[in-house]
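We number each residue from 1, following the sequence as shown.
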Amino acid sequence: MRSLLLICVLAACGAGDDTTDGTRSLCSRGGVLESCPPIAHTSEAACTKLVQCGAIPEQSADTNRFDWDRCVDYINRQETTSENLVIECVAASTCDLLRGNDPNNPDASKMPCLKLGGR
C-alpha cells in the first residue's frame with residue numbers, strides 16, 4: 001500500500017508541471033510561447049489581446065481612460081505602416097511586455113507597442 005502511494009505521489013510531482021499557465025492563460029504569461037495561436041491582423045484582435053493580458057480594461061465608465069474602444073480607435077488612426085507595426089508588435093509580444101507600469105490606469109504613450117504608432 002505504501003509503495004502504491006509513493007508511486008502516485010512521484011507521478012503527480014513530475015506530470016508536466018515544469019511550465020506555468022500564469023494568471024490568465026498559457027500564452028499570457030509563462031508557459032511555452034510556441035503553442036500560442038496567432039492573432040488576427042486587426043486592431044480589434046490586438047486590443048483584445050491587450051485586454052486578455054490585463055494591460056487595459058475592456059470597458060471603462062471613465063471616458064478618459066484608455067480601454068478597448070479607445071485602443072481600437074488609437075490603432076485605426078495610425079498611418080498604415082504604423083498600424084501594421086503596432087499590431088505585429090502586440091501579436092508577437094508576451095503579456096509581461098505588453099503591460100504598462102500601471103494597468104489600472106493605462107497610458108498608451110507608455111506602452112511599448114503602442115508607442116510605435118507615434119500618436
> Taking only residues two or more places apart in sequence, or in another chain, which ones meet D73 in a side chain to side chain donor-acceptor pair (under 3.5 Å)?
none
> Please identify each residue that fulfils side chain to side chain donor-acceptor pair (under 3.5 Å) with S109, with sequence neighbours left out.
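S109 satisfies side chain to side chain donor-acceptor pair (under 3.5 Å) with D107 only.
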> Just how far is it from atom CD of E79 to atom CG of L85, taken to the nearest 0.5 Å?
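The distance works out to 12.0 Å.
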> With a 4.5 Å heavy-atom cut-off, do L50 and M111 have their side chains touching?
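Yes, side chains in contact.
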> Side chains of E58 and D67: closer than 4.5 Å at any heavy-atom pair?
no
> What are the two closest non-hydrogen atoms of A46 and V90, and how far apart are they?
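The pair with the smallest heavy-atom distance is O-CG1, 3.5 Å.
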> Test of understanding: with side chain to side chain donor-acceptor pair (under 3.5 Å), list the residues that count as partners of N84, not counting sequence neighbours.
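In terms of side chain to side chain donor-acceptor pair (under 3.5 Å), with neighbours along the sequence ignored, N84 is linked to H41.
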> Check whether any side-chain heavy atom of S93 lies under 4.5 Å from a side-chain heavy atom of C113, and answer yes or no.
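S93 vs C113: side chains touch.
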> Run the side chain to side chain contact (heavy atoms under 4.5 Å, CB included) test against A91 and tell me which residues pass, sequence neighbours left out.
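For A91, the residues satisfying side chain to side chain contact (heavy atoms under 4.5 Å, CB included) (neighbours in sequence not counted) are I39.
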> Among residues at least two apart in sequence or on other chains, which ones pass side chain to side chain contact (heavy atoms under 4.5 Å, CB included) with A92?
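Once residues adjacent in sequence are excluded, A92 has no partner under the side chain to side chain contact (heavy atoms under 4.5 Å, CB included) criterion.
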> Does R65 reach the main-chain N or O of P106 with its side chain, forming a donor-acceptor pair under 3.5 Å?
no
> Can you name the nearest heavy-atom pair linking T63 to R70, along with the distance?
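Closest pair (atom of T63, atom of R70, distance): O-NH1, 3.2 Å.
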> Could you walk me through whether L114 and I75 pass side-chain contact (heavy atoms from CB on, under 4.5 Å), step by step?
CA-CA 8 Å; L114 298 180; I75 294 174; 4.2 Å; yes
> Measure the spacing between SG of C71 and CD of E44 and express it to the nearest 0.5 Å.
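The SG atom of C71 sits 9.5 Å away from the CD atom of E44.
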> So, for C47 and V72, which heavy atoms are closest and what is the spacing to 0.1 Å?
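Heavy atoms only, the tightest pair is SG-N, 3.3 Å.
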> Do P57 and W68 have side chains that approach each other closer than 4.5 Å (heavy atoms only, starting at C-beta)?
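Counting from C-beta outward, P57 and W68 never come under 4.5 Å.
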